[in-house]
Amino acid sequence: MDPLLSVVFLGLLSLLLILSRIKRRYSSNINVIAIGAIKASPPLTFNLLVESMLVQFEIDTGAGVTVMALTTFQALFPQLKLTKSSVLLSALSGLVENTGEITVNVKLNSTTHKLLLITCKHASEFRPLLGRDWLDNLWPNWRQSLTADTSIASVKSIHNVEIPSVEKLQKMFPRPFAINTDTAIEGYTAKLILKHNAQPIFAKAYPLPFGMEKPVNEVLDSWINSGKAVRVRVAEWASPGFAVPKKDGKVRYVVDFKRTLNPQLRVDYYPLPTPEHVFSNLANGKYFTSLDLTDAYTQLTLHPDSQDLCVVNTHKGLFKLTRLIYGVNSAAAIFQSTMDLILKDLPGVICYLDNILIKGEDLPDIISKTYLVLARLEKHNVRLRLDKCLWFVEQLEFLGFSISALGRAPSPSLYEDILTCAPPKDLKQLRSFLGLINFYSEYLPMFSTIAKPLRLLTCNDTPFIWSEDCQLAFDQSKNLLKSSQLLMHFDPNLPILLSTDASPVGVGCVLAHVIKSNGKPVERPVSFASATLTPAQQNYAQVDREAFGVIFAVTKFYKFLWGREFTIATDNSAIQRILSPDKGLPLRTNHRLQHWATILQGFQYQIEHRKSALMSVPDALSRLPSSVTLHYLNISIKPPIPVDVISEHSLPDPILSKVFDYTLHGWPQKNPFPNHAELSIYFKQKDELSIQQKCLMMGNRVIVPPPLRGQALAILHMGHPGIVITKMLARSTFWWPSLNSEIENLCSNCLPCAKINLKPKSNYIPWTPAKYPFERVHIDFYSYKQHQFFIFCDAYSKWLHVQIMPTTVASAVNNALFSIFAMWGCLPTALVSDNGPPFDSSEFINFLTSLNILLKHSPVYHPASNAQAERGVGIAKRALDKILEDLGGMAASTPSKQISTAHLLEAVNIFLFTHHNTPSTSTNKAPNELLLSFRPRTILSQSNPTLTSSLGLPSTFAKFREGELVLVRLANQPAKTGKVIRQIGVNNYNVLIDGVIKQCHFNQLELKP
């Protein structure tokens, strides 16, 4: 044999011996995978829940097993232990070291699989590979799908891009969405650090009124029961607590750290993210998710060494807190550092205070990153505030900028309150506005020329007449503020100044930076804000209005201020003393100011007093407010929109005015607005457009102008009907081009509806349709909020009656039924009930027999047979839940025993009023309309000229016009001068006499000469 061939043969033999030893050592099942293989096209990835952690896998049909890098496994599952594996792994570069295996729980579509996971060491990091073994378990038919004609669609179904609903996210990650829970963040604690020369301070407890002892005791007991506090007998540190009453009769117990702990703390100067860092992190994003955390840093447990510092001195003794509480100076920095650790190494994710922002380059990317964030929050038990979260949106407003795929642009809201402020109505308001403009005059070129007509009005002996020139100068002055370089971007490295003021009609504030210009400090505004006071707030004392102005400003610019030092400027010296961060709260401070002082405890601020002359900007904003706030105001019944109000708002609208003009004088043959989408819609409906009482009509429906559409939607959704019924209501009264989509958006995003409609509806067995009213009626009892309710339902009209029953005996049922029969003056042919004690008693049966009413019982233990009553119970309960939720969260958060009978009766009346006049999906008509044979007058009907009363106000009978001065001759009284307010009938008028509005007949009135 040739020597060279001998060498080759011996080499091959040695190689075979090595391979046989490897084979004997590792078993015959050898799996070959391609780790880190270079692919020309992007990989197909899929997210799976492995041991409650969301993991992104690359689907690899060439891999016989599912493999994860050891470093990745240790980072995701540090608590799991691997066992020795007998699987041989190889890659294109050679053998790969197998580091172990483990059986893990893998969740897919609510089904949990137990699957084998292999770990390995590799020279470079790689995405976990999802091999054929997992594919066979998770998608058993994947092989057939790949070889069938529909293979492409089948493969796509594995990685289908579908925006998950909030309900799906709640099922996948239940802990972040949990409500009414006292659990804390897991894995992290808050440690407070004292200054090196800190001395313990023990403050005595504040006196507590006897009437407050019971609610305060309940709060303290709840702290003990939930583990938020423990009782102690002795302590070196102690801070006093005080109670702030809430509207529901309970109290909020607050700890005053201003004079005890806070001055002794070394505040953590952990760097909060700068705006530029946030914006750079969100750059190039097309989709965004914004998650808001509930209770913020109160979710953090106090470190055991810090709990002794947070001791509360109460009328019941000492309580040591175990949870970080609102009012501790360093809480913001501690919470920010904790959230940064929780969200560490997640790309495209940044936490700013209590707001987590997520960026996605496309839908799959944003969904994947949102899953990863929710998985982290699930792991550490961080809870969200669902009503403030935004999911997978294309535009996001943050720190005064609007962020989208196009980049970032200044938000119009920064100067919106300036541009929309109302024109001055008197000389004092005009001087306030000029003071605002003059304050920034150096940034406004040509301002003196533009504002000349306004300055002339302020001259002595000049009457205040608001002319067209004045209005033009006013508008140009506001636009000059917008077009100038006055506003500057928010920079947390510059001193922050918050100037606030209040007037009898509104509040105003300015967020500004103090910069150096020519060696002098200059205030450059970042944003303006104002709000109109409600009638209740206008009755506040001036000191309360000034304090409310501070709270409005702090909450308005919360994202800019929380966790940063800033200065509040006010022209009220009493507010400076009461809201001082260094002084205790005066014991006799009213409850409203106590509550607002509590809110400010979470901020790091100083407050300074300024002369009124130096507060011209917030003063002008407060006297010319542009927006309305409805703080602490609950409205049960939405007021109607009068026809004259609709006509007043229709004519100034640029779009409706054109439609009005074309409808009045005739439309052309061709569309005059081919490039205007909304006007083109009106052109298509031109044959159905008409005008009645200066209102545009589309058929028999009034066209609502844009400023009133929100109020119209609120009326349509009063009582919280569903999407279909809300649209049916709209078809009888209102119309505008985007009405259907706005109704869908309103109902889909209604929080009371979302809370109550989580469970699917039950299926009911249908009865034979009734042929006339009260042919067949259904009755039943149900329990709700610890009250017994009686329900009566007409099968023909779907008319419901609900009332609270103090007792359910037969005599009470007979009285309730006879009251309904007496009200309508008719008797039903048949009555359906279940087999409950009152309904099978001889007294009840004799009552129906005496009236010749046939009694039908549903089968025993089968309540669904009484379908009409069961469905009515479901409708009534859901509606009452929503209405109570709307009245102040009473359906979800308030115990049944604390809901008063008055609130419950109010909710029942709102439900019945709405339901009786709401079309049914089965009859397409309202119950009252079927029973009465005409459309009754409702809140909705008052907005439609075609549905208003025939007692209208014909112009031929309008002897006196609105605003005219008249002489009023009342019986046995001398003639007085009055002013006509409005005509309320053919012969009757509302007249203002000596500040009082009285109803007068036209025979009692004469025009004043």
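Quantities reported herein were computed from a predicted structural model and do not represent experimental measurements.
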Name all residues meeting the salt bridge (charged side-chain N to carboxylate O under 4.0 Å, His left out) criterion together with E744; count only those two or more places apart in sequence or in a different chain, and write none if there are none.
K727
Set of residues satisfying salt bridge (charged side-chain N to carboxylate O under 4.0 Å, His left out) with respect to D840, sequence neighbours excluded:
none
For Y796, ring pair (Phe, Tyr, Trp, His ring centres under 6.0 Å) partners two or more places apart
none
Less than 4.5 Å apart, any side-chain heavy atom of L384 and any of L374?
yes
Gap between atom CD1 of I715 and atom OG1 of T733 - 0.5 Å precision:
9.5 Å
Listed once per pair and sorted, the salt bridge (Lys or Arg N to Asp or Glu O under 4.0 Å) pairs that draw on residues 808-825, sequence neighbours left out:
none
Is Q299 close to N381 at the side-chain level, that is, under 4.5 Å between some pair of heavy atoms?
no
Residue pair S797, D794: steps toward the side-chain hydrogen bond (donor to acceptor under 3.5 Å, both in side chains) verdict:
CA-CA 6 Å; S797 63; D794 175 36; 2.7 Å; yes
Using a 3.5 Å distance criterion without hydrogens, assess whether the side chain of S738 forms a donor-acceptor pair with backbone atoms of S741.
no
Just how far is it from atom CE of M718 to atom OG1 of T918, taken to the nearest 0.5 Å?
8.0 Å
Pairing residues for T370 by the side-chain hydrogen bond (donor to acceptor under 3.5 Å, both in side chains) criterion, not counting sequence neighbours
T289
Looking only at non-hydrogen atoms, find the nearest pair between Q538 and R545 and report the distance.
O-NH1, 3.1 Å
Go through the structure and list residues passing side-chain hydrogen bond (donor to acceptor under 3.5 Å, both in side chains) with T808, not counting sequence neighbours.
none
Hey, does the side chain of R709 reach the backbone of V704 with a donor-acceptor pair shorter than 3.5 angstrom?
yes
Are the ring centres of F781 and F839 closer than 6.0 Å?
yes
Taking all non-hydrogen atoms of both residues, which atom of H916 and which atom of A926 are closest, and how far apart?
O-CB, 3.7 Å
Under the side-chain hydrogen bond (donor to acceptor under 3.5 Å, both in side chains) criterion, do S833 and D780 qualify, and how do the steps go?
CA-CA 6 Å; S833 72; D780 199 1; over 6 Å; no
Of all residues at least two apart in sequence or in a different chain, which pass the side-chain hydrogen bond (donor to acceptor under 3.5 Å, both in side chains) check with Q788?
none
Can you tell me how the ring of F792 sits relative to the ring of W799, calling it parallel under 30°, perpendicular over 60° and tilted otherwise?
perpendicular
Could you tell me whether the side chain of R383 and the main chain of L293 form a donor-acceptor pair under 3.5 Å?
no
Looking only at non-hydrogen atoms, find the nearest pair between I723 and I743 and report the distance.
O-CG2, 4.2 Å
Can you list the residues that meet the side-chain hydrogen bond (donor to acceptor under 3.5 Å, both in side chains) rule with N745, with sequence neighbours excluded?
N749
A side-chain contact here means heavy atoms from C-beta on lying under 4.5 Å apart; do F844 and L848 qualify?
yes
Step by step, work out the side-chain contact (heavy atoms from CB on, under 4.5 Å) result for I646 and L696.
CA-CA 9 Å; I646 295 177; L696 274 171; over 6 Å; no
Is there a donor-acceptor pair under 3.5 Å between the side chain of D544 and the backbone N or O of Y540?
no
Quick check: does any side chain N or O of S222 sit under 3.5 Å from a backbone N or O of V219, one acting as donor and the other as acceptor?
yes
Relative to the ring of Y782, is the ring of Y784 parallel (under 30°), tilted (30 to 60°) or perpendicular (over 60°)?
perpendicular
Evaluate side-chain contact (heavy atoms from CB on, under 4.5 Å) for T726 paired with C747, printing each intermediate quantity in order.
CA-CA 9 Å; T726 305; C747 296; 3.8 Å; yes
Rounded to the nearest 0.5 Å, what separates atom CD in E742 from atom CG in L716?
11.0 Å
Check the pair I779 / L831 against side-chain contact (heavy atoms from CB on, under 4.5 Å), numbers first and verdict last.
CA-CA 7 Å; I779 64 173; L831 185 145; 3.5 Å; yes
Looking at side-chain heavy atoms only, is the closest gap between N355 and L291 below 4.5 Å?
no
Hey, are the side chains of H915 and I875 touching, using non-hydrogen atoms and a 4.5 Å cut-off?
yes
How far apart are the closest heavy atoms of R776 and A770, and which atoms are they?
NH1-N, 4.4 Å
Between V702 and C695, the two heavy atoms sitting closest are CG2-CB, 4.1 Å
Partners meeting salt bridge (charged side-chain N to carboxylate O under 4.0 Å, His left out) with R385 (sequence neighbours left out):
D387
Output for pair (F911 CZ, E906 CD), nearest 0.5 Å, gives 15.0 Å
Go through the steps for K925 and S920 under the test side-chain contact (heavy atoms from CB on, under 4.5 Å), then give the verdict.
CA-CA 6 Å; K925 289 188 177 181; S920 169; over 6 Å; no
Where H787 and K785 come nearest, the two heavy atoms and their spacing:
ND1-O, 2.8 Å
Residues at least two apart in sequence or cross-chain that pass salt bridge (charged side-chain N to carboxylate O under 4.0 Å, His left out) with K877, listed by chain then number, are none
According to the side-chain hydrogen bond (donor to acceptor under 3.5 Å, both in side chains) rule, which pairs have a member within residues 813-830, sequence neighbours left out?
Y772-T829
Output for pair (R731 CZ, N700 CG), nearest 0.5 Å, gives 12.5 Å
Side chains of V507 and L533, heavy atoms from C-beta outward: is any pair under 4.5 Å?
yes
So, do S650 and I703 sit near enough that their side-chain heavy atoms are less than 4.5 Å apart?
no
CD1/I997 to CZ/R982 distance, rounded to the nearest 0.5 angstrom?
10.0 Å
Can you check whether R701 reaches L739 side chain to side chain, under 4.5 Å on heavy atoms?
yes
Which residues pass the side chain to side chain contact (heavy atoms under 4.5 Å, CB included) test with H649, sequence neighbours left out?
V645, P705, P707, L708
